Number of protein chains: 2
Amino acid sequence: MSRLEDLCQQRGVKLTRPRRAVLQVLEESNDHPTVSDIHRRVTQKHHIALGTTYRILNRLTAEGVLRRCVFGDDKARYEPAGSPHYHLIDHDTGAIVEVSDDRLTALLKQLVRGLGYRMIACHVEIIGEIEDNSVRIRRRPRGNMVT
Amino acid sequence: MSRLEDLCQQRGVKLTRPRRAVLQVLEESNDHPTVSDIHRRVTQKHHIALGTTYRILNRLTAEGVLRRCVFGDDKARYEPAGSPHYHLIDHDTGAIVEVSDDRLTALLKQLVRGLGYRMIACHVEIIGEIEDNSVRIRRRPRGNMVT
DNA sequence: GTATATGCAAAAGCTTTGCGGGTTC
DNA sequence: GAACCCGCAAAGCTTTTGCATATAC
């Protein structure tokens with residue numbers, strides 16, 4: 001039983017075949033797949049309706065098993081829920097680098113506490129380009145970019 | 001001539017009537033209106049097609065005159081571009097608090113530099129709830145919430 | 001056995017786009 | 001005057017939903 005399946009059981013989420021399949025895809029993915037990415041990947045081995053995929057992702061996000069993120073292209077993307085981490089997006093390639101930093105987490109918490117709030121969750125998305133003194137090559141046309 | 005109109009001229013963006021109207025609405029708004037909010041507000045004084053509103057917002061965002069942000073309800077929202085600042089979202093009311101903090105900005109820059117990148121832009125969205133030892137009252141049903 | 005999830009297909013947003021006519025600089 | 005922008009309406013996507021059937025526990 002995988003970590004995410006475990007989490008589901010703890011939350012009282014029934015483990016059905018389509019749910020297991022979605023979870024497996026997300027556990028095997030290192031990128032941040034969109035709904036149709038996930039649906040496409042699941043469909044390679046199992047049959048699953050697109051609508052069901054949406055319902056599963058919504059449910060599992062609500063239960064805290066998954067995390068939804070939206071980058072510059074406005075499509076929902078998913079990843080397994082876990083410790084706080086942040087996304088650095090390469091402006092030229094669209095690559096997503098995951099960043100963990102305790103100082104940042106601490107600073108964010110301190111900041112909102114100063115405003116009288118307690119932090120429940122946060123999303124940090126940094127758009128950057130490679131710092132390079134030599135000639136810079138554009139690796140991908142601007143249109144497809146995740147900004 | 002307003003600040004944003006100035007910016008447009010600098011970028012070579014023609015100042016038409018619909019564009020001026022959209023800019024004025026955004027200059028007068030303290031919240032983060034969605035496209036249809038903006039369209040509705042503009043329409044109170046001028047006629048403007050919804051499609052045109054989308055085109056204008058896309059263009060002005062691409063030119064760096066406006067900034068697009070997407071919160072938990074997955075609708076595009078807009079604000080005038082300006083110095084880096086962050087959004088604290090009240091989990092219970094959906095209220096959006098703007099936060100500016102130089103330490104946070106500095107830390108983010110330092111972080112990405114450590115990874116070999118230069119920061120171009122960033123979006124920070126913190127979801128929080130009021131830190132309150134007395135009984136907490138839920139001020140808004142969960143469904144409409146901006147998370 | 002019961003509550004809950006799925007499949008299917010339709011519908012409901014939100015956003016983009018093609019085209020002819022109008023406007024800005 | 002040339003380039004660019006707008007209104008309109010249609011089309012494209014993504015996401016949600018109703019209903020009958022199937023499944024997990």
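Quick caveat, the model's predicted, so the values are computed rather than measured. The analysis underlying the following values was restricted to heavy atoms, covering all of them including side chains, and did not include hydrogens, waters or symmetry mates. Every chain is numbered from 1, with letters handed out A, B, ... down the list of sequences.
The shortest side-chain heavy-atom distance between A/Arg19 and A/Val13 falls under the 4.5 Å cut-off. Using a 4.5 Å heavy-atom threshold, the side chains of A/Glu27 and A/Arg3 count as touching. Side-chain contact between A/Ile48 and A/His39 is present, with at least one heavy-atom pair separated by less than 4.5 Å. Using a 4.5 Å heavy-atom threshold, the side chains of A/Asp101 and A/Thr105 count as separate.
Rounded to 10 degrees, the angle separating the terminal helix axes of the helix from C/dG1-D/dC25 to C/dC25-D/dG1, each built from five base pairs, is 60°.
Residue-to-nucleotide proximity on DNA chain C shows that, of A/Ile48 and B/Gly51, the 5′-proximal contact is made by A/Ile48.
B/Thr34 and B/Asp37 share a side-chain donor-acceptor pair at under 3.5 Å. At a cut-off of 3.5 Å, with distance as the only test, no side-chain donor of A/Ser29 or A/Tyr78 sits close to an acceptor on the other residue. Side chain to side chain, B/His32 and B/Glu98 meet the donor-acceptor criterion of an N or O pair below 3.5 Å. Defined by atom type and a distance below 3.5 Å, a donor-acceptor pair is present between the side-chain atoms of B/Tyr117 and A/Asp90. A/Glu28 and A/Gln24 are linked by a side-chain donor-acceptor pair at a separation below 3.5 angstrom, with hydrogens and angles left out of the test.
At a threshold of 4.0 angstrom between heavy atoms, the contacts of A/Leu50 include nucleobase atoms, whether or not backbone atoms are also involved.
Here B/Tyr54 reaches the OP1 or OP2 of C/dT15: one of its side-chain N or O atoms lies under 4.0 Å away.
Following rounding to the nearest Å, A/Arg55 (CZ) and C/dC8 (P) show an atom-to-atom distance of 12 Å. What separates CZ of A/Arg59 from C1' of C/dA3 is a distance of 12 Å, to the nearest Å.
Chain A approaches DNA chain D over the interval D/dT14 to D/dC25, counting the first and last nucleotide 5' to 3' with an atom under 4.0 Å from its heavy atoms.
A heavy atom lying under 4.0 Å from DNA chain D marks none of the residues of residues 28-45 of chain B. Contacts between residues 3-24 of chain B and DNA chain C, defined by a heavy-atom separation under 4.0 Å, are made by B/Lys14, B/Leu15.
Here B/Arg67 pairs with B/Glu79 under the salt bridge (charged side-chain N to carboxylate O under 4.0 Å, His left out) rule; sequence neighbours left out.
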Would you give me the side-chain donor-acceptor pairs under 3.5 Å for residues 56-65 of chain B, sequence neighbours excluded?
from, atom 1, to, atom 2, distance (Å)
B/Asn58, ND2, B/Tyr54, O, 3.4
B/Arg59, NE, B/Glu63, OE2, 3.1
B/Arg59, NH2, B/Glu63, OE2, 3.2
B/Thr61, OG1, B/Leu57, O, 2.7

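Judged by distance alone, with hydrogens and angles left aside, the side-chain atoms of B/Thr93 form a donor-acceptor pair with the main-chain N or O of B/Ala95 at under 3.5 Å.
Summarising the local packing, CZ of B/Arg17 is surrounded by 12 or fewer heavy atoms from other residues, nucleotides or ligands at distances under 6.0 Å.
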